[in-house]
Amino acid sequence: MAYFRSEAQKANFVQLEEEILNGWDIEKTFEQSIARREGCEKFVFVEGPPTANGLPHPGHILTRVVKDLVLRYKTMRGFYVERKAGWDTHGLPVEIEVEKELGTNSKHEIEEYGIEKFNQKCKESVFRYEKEWVNATKRVGFWIDMDSPYITSDSGYIESVWWSLKEIWRRGLLYKGHKVVPYCPRCETTLSSHEVAQGYENVEDPSIYVKFRLKQEQESVFMLAWTTTPWTLFGNIALAVHPEHTYVKAKVKVKPEGGEEEILILAEARLDILEDEYEIIERLRGKELEGKEYEQLFDVPVEGKSHTVINADFVTLEEGTGVVHIAPAFGEDDYEVCRAKGLGFSQPVDSKGLFTSEVPFPSLEDVFVKDADKHIIELLEQRGVLYKESTYLHSYPFCWRCGSPLLYYARESWFIGMKSLRDKLLANNEKINWYPEHLKYGRFGNFLENIADWALSRERFWGTPLNIWICEECGAECCVGSIEELKERAKSSSSLQESDANSDLDLHRPYIDEVVFRCDECGGEMRRVKDVIDCWYDSGAAPFAQWHYPYENEEFKRNFPANFITEAIDQTRGWFYSLLAVSTAIFDAPPYLNVLSLGHILDEKGVKMSKSKGNVVDITSIFNNEGADALRWYFFTACPPWEDIRFSESAIAERQKKFLNTLWNSYFFFVTYATIDEFNPKEKSIAIEKRSAMDRWIMSRLNSLMKEVIGSLERFEIHLAARRIEEFVVNDLSNWYIRRSRRRFWIAEESIDKDCAYLTLYEVLVALCKLLAPFVPFITEHIYQNIVRSIFGELESVHFCDYPSPDESLIDTELEDSMELISKLVEAGRRARSNAGIKIRQPLKEVVVVCSKGKKEKVSSLAGILKDELNVREVKFEDVKPKSVTMENYKQVEVDEATTLFLDISLDKRLIEEGLVRDIVRRIQGMRKDLDLDYTEKIWIVYEGDEEVKEAINRFSDYICEETLAGGIEEGKTSGSVEGKQIYGKKWKIGKKEVYLAIKPFQIRKH
RNA sequence: GGGCUCGUAGCUUAGUCUGGUUGGAGCGCUCGGCUGAUAACCGAGAGGUCCGGAGUUCAAAUCUCCGCGAGCCCA
């Protein structure tokens, strides 16, 4: 009886994977794999929620397989690893997709279309590709619970987010201010940085040097400033100089027409921009200029203090004059520095990018700012404050949708005061392990050091509504933290809509906008701030909001902080930050303890794969051609997980050929012979120490491998673990152990040695299967089902097993070293043969190894291997080269400094005869294969040849028959058929001899 | 413009932290061999400005600085 199912020599991985997926589905293997670990120590994972309004990209697949690897590994290591899927549903990216569909171009048009209908569209759009996501997730083998995911637009989720915002508000960390944002005046919307990055173009802008006259000076003294955006001069509030740089007062020799001699102040390092002759009359530090007042350029109303020289570290000397024109309405740094210095603000531009009536020139009113540059330059000239004018080539952002130049523009915004939490952020970051490590104090740490307040609000539609109500009468603020509180406070709860799916309230706009409160202070009406919040806050709240904390809090407490999260590097300032920011603000604790940052996927040419570049490889074709295991294995072995990875279908196919095929071949070899011999691992038990050196060697290698793999995985050095396994499979197992041990499996009779070989190979395959299960879950499951579950039924899946742990007592480093030396000697011997032009099939008399006594002792027990591999009758080890070893008869090859190998290349009649016999055997084997005979099928052989051939065959007929499974070999002319059975004959040329060989299958088969 | 990371053969990469034999593999290429794991394997060969330059050192792919190129993040 055969204990294993026979396999095809050539694996069909795709079909195999589909069968496994089906099996997992039926047996609920995923669910069971978690349930079986209930009560064990938890390993907490948080899924970074993707947005399903586009197709999954290879990069998404990469993060999914890395997550899967780690979670499967931890489960096998005995942890209880729950995995809740999540969907990110809010935000501008979603709105833009819908806008494209509707053809709308501005907020105004959306409002006309109707916020209710628009948000409904967004809600639908966000799950448009859910099916594709679910399919790809399952197909690649990512085990995650997609039946009860967290969804950021669910009322429960929003309620938790509201709770957290109220916590922040109560601590006085949620405030209203201005933020300078990239803004499209035509679409009347702010753009995310991602969108801005898409639209940079090189353009020529005016480059002008403007003179600002200092007050309270005897002579005409001007600060000389440089700008490429003349229109922002109407918003000028200050001039900034660097406190430490050296500035000069330069007396310009040429008098302007009708004017007096002028003195210009600029950085000494920028003096070469002056076109006229000058004389330096004074040098001073930037510090000394601070506080000087200057005359306003144009008469624009300003609230607060203004028009003084200030100090700022961001001033550089690489371009301009070292004096920077500051307009807080139009620049981020400008805004920040003015805020910090308590300066005023002026905004002479409306939300469409047109000058308002605050500009003291009727001709400019309602003119688009970018169109006004020329006119403004003329005005400056008329006033005599334009020093110099030219043009400047630089990159400037344009709206990727409509092509309008973007304006950096101050908008009213709600902020979370992250700056005040800076030290806590840094302290919590200390508790996090970053992989790779450099991110901790590098990109991420630097970012935290310079953290700015979080601009939380968005003047948009589809998002978590900002839960702040303001009294129209007295300005009192109120922040709502739960649905209960909302209902209580609402004047008329009839305006709250029931959503159709469940009876939860729909907390989105426009319904929530209708909810009006009565002010506790003055009895007036309180209305909600119209904004929604940044969707990054939504996902940053995932650790608690996915459990609806604090309204149902048991799960959260058990799942905080996370042990592990991973996403691509671009999330450093995205999700990795938003998680830490929210968690620090609310719990003052790190939300995750280990974070693995992944590289990006590049195409074959090393260019980042992106939709806009059109170089995205279609994942489904890989699933259908190479399969998920091949894809996974490629991702794991190609490079360290944190580096960018080049990706192409051919690279995956290559990896598959190398590794998966070899693994399959090893497994196929075992199953094939185990079936022939009816080997049953359950019935055999032989202690390792009783097995051969080869067996003990592979077991030692296996246990060393386990140690290294576990070590690497604990450090997320996935590539090292995977590459080590690949080396083991290809070099140690397939190319050495199995190749060397083949003959032990072929022996027909029962023998202890054969049992040892079977048991060893079986044990290695089973352990390897478990070791590989987190990496390539399909093929390992397939192998496990056939060779383990069918025999030892207790664990139904390889993914229920414990991860193999090394048995130190089986690691024999001395044996491993000896084998390595043997392998070196084999290589050297082959080199010698190759040099001498003698093929390996030709037996030779002896090989002499000259080496130290120590080496001899180490390897002499393994000399048989060397004898076989080199096809020599005898192997000798000597301390010094014997006299009999001469240059004429021996080929000499250096192995290492202290070891030399001499191969006897002299041939006698007997050796030549043996060589001939082996050639004949080889030809017959080839013919068996031509007929596609079963490995166990017996044959008859008939031959024809000269006397020498006859003699050789006669002498070695037993050997020939044994090797070729022949019942007999006889001389004779053959043609046509013998005993009615078709005969297969062929004329061969062996060396200079012609030999005719014919074979005929036996009637009776062994099976 | 700033920060971080990366740059080794036609391609994918090891080695870089901790300086020290002749920079090591795999794929591909050329030649030879082997053949019951066979779309596998073994041997030999061609192929390197270790991105460029400078410095430190007895000694630099490795350490330092300055460039160049790529990727990401931020302006």
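Every chain is numbered from 1 and lettered A, B, ... according to where its sequence line falls, protein lines coming before strand lines.
In this entry the distance linking OH of A/Y408 with P of B/A75 reads 8 Å, nearest Å. With rounding to whole Å, A/D644 atom CG is found 14 Å from B/G69 atom C1'. Spacing between atom CD of A/E567 and atom C1' of B/C73 amounts to 16 Å, rounded to whole angstrom units. Remark: P of B/A40 and CD of A/Q656 are 13 Å apart, rounded to the nearest angstrom. Rounding to whole angstrom units, CZ of residue A/F635 and P of B/U13 are separated by 13 Å. One can place CG of A/L870 at 14 Å from C1' of B/C34, the figure rounded to the nearest angstrom. Remark: P of B/C42 and CD of A/Q842 are 23 Å apart, rounded to the nearest angstrom. Rounded to a whole Å, the CD1 atom of A/I569 is 17 Å from the P atom of B/G3.
Within the shown strands, B/G20 is the pairing partner of B/C58 under the Watson-Crick or G-U definition, both distances less than 3.5 Å. Using the Watson-Crick or G-U wobble rule with both distances under 3.5 Å, B/C72 pairs with B/G3. Of the nucleotides present, B/C31 is the one that pairs with B/G43 by Watson-Crick or G-U wobble criteria, both distances under 3.5 Å. B/C11 is paired with B/G26 under the criterion used here, namely a Watson-Crick or G-U wobble arrangement in which both key atom distances are under 3.5 Å.
No hydrogens or angles considered: nothing links the side chains of A/S597 and A/W434 as a donor-acceptor pair under 3.5 Å. A side-chain N or O of A/W746 and one of A/Y673 form a donor-acceptor pair less than 3.5 Å apart. No hydrogens or angles considered: nothing links the side chains of A/W664 and A/E7 as a donor-acceptor pair under 3.5 Å. A side-chain donor from one of A/N786 and A/Y667 sits under 3.5 Å from a side-chain acceptor of the other.
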Using a cut-off of under 3.5 Å, enumerate the N/O to N/O pairs linking the protein to nucleotides 25-28 of chain B.
{"from": "B/C27", "atom 1": "O2'", "to": "A/E654", "atom 2": "OE1", "distance (Å)": "3.1"}

Where do N or O atoms of nucleotides 43-48 of chain B meet protein N or O atoms at under 3.5 Å, pair by pair?
{"from": "B/G43", "atom 1": "O2'", "to": "A/S834", "atom 2": "OG", "distance (Å)": "3.2"}

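B/C50 and B/U13 have their C1' atoms separated by 13 Å, with the value rounded to a whole Å. B/G7 and B/U16 have their C1' atoms separated by 13 Å, with the value rounded to a whole Å. For the C1' atom pair drawn from B/G2 and B/G10, the interatomic distance equals 36 Å after rounding to whole Å. When the P atom is used for both B/G26 and B/G43, the distance is 9 Å, rounded to whole Å. When the C1' atom is compared between B/A14 and B/U56, the two are found 27 Å apart, to the nearest whole Å. Taking atom C1' on both nucleotides, B/G1 is separated from B/A46 by 47 Å, rounded to a whole Å. The P atoms of B/G28 and B/C42 are separated by 12 Å, rounded to the nearest whole Å. The gap from the P atom of B/C63 to that of B/G20 amounts to 10 Å, rounded to the nearest Å.
Using a 4.0 Å heavy-atom distance criterion, A/R723 is classed as a sugar-phosphate-only contact. Contacts of A/A651 with the nucleic acid, taken as non-hydrogen atoms under 4.0 Å apart, are absent.
Toward the 5' end of RNA chain B, the nearer of the two residues A/N446 and A/R573, judged by each one's closest nucleotide, is A/N446. Checking A/R742 against A/N731, the closest nucleotide of RNA chain B that is more toward the 5' end is the one next to A/R742.
Each of A/R742, A/R740, A/R744, A/R743 was checked for a salt bridge (Lys or Arg N to Asp or Glu O under 4.0 Å) with A/D868, and the lone residue meeting it is A/R740.
Using a 4.5 Å heavy-atom threshold, the side chains of A/T760 and A/Y737 count as touching. Counting only heavy atoms from C-beta outward, the side chains of A/N665 and A/I738 never approach each other to under 4.5 Å.
In this pair, A/F679 and A/Y758 present their aromatic rings parallel. The plane angle is below 30°, not in the 30 to 60° band.
Using a cutoff of 4.0 Å between basic side-chain nitrogens and carboxylate oxygens, A/R724 and A/E717 are not scored as salt-bridged.
Shown for residues 663-670 of chain A: residues whose heavy atoms fall under 4.0 angstrom of RNA chain B, namely A/N665, A/F669.
Counting heavy atoms of neighbouring residues, nucleotides and ligands inside a 6.0 Å radius, atom NZ of A/K419 exceeds 12 of them. Counted within 6.0 Å of CD on A/E962, heavy atoms from surrounding residues, nucleotides or ligands total 12 or fewer; the atom is thus considered open. More than 12 heavy atoms of other shown residues, nucleotides or ligands fall within 6.0 angstrom of atom NZ in A/K440.
Phosphate contact (OP1/OP2 of B/C42, side-chain N/O of A/N735, threshold under 4.0 Å): present.
Evaluation of atom-type donor-acceptor distances gives a pair under 3.5 Å for the side chain of A/R443 against the base of B/C72.
Between the CZ atom in A/F447 and the CG atom in A/L425 there is a gap of 9.5 Å [rounded to 0.5 Å]. In this structure, CD1 in A/I718 is found 7.5 Å from OG1 in A/T566, a value given to the nearest 0.5 Å.
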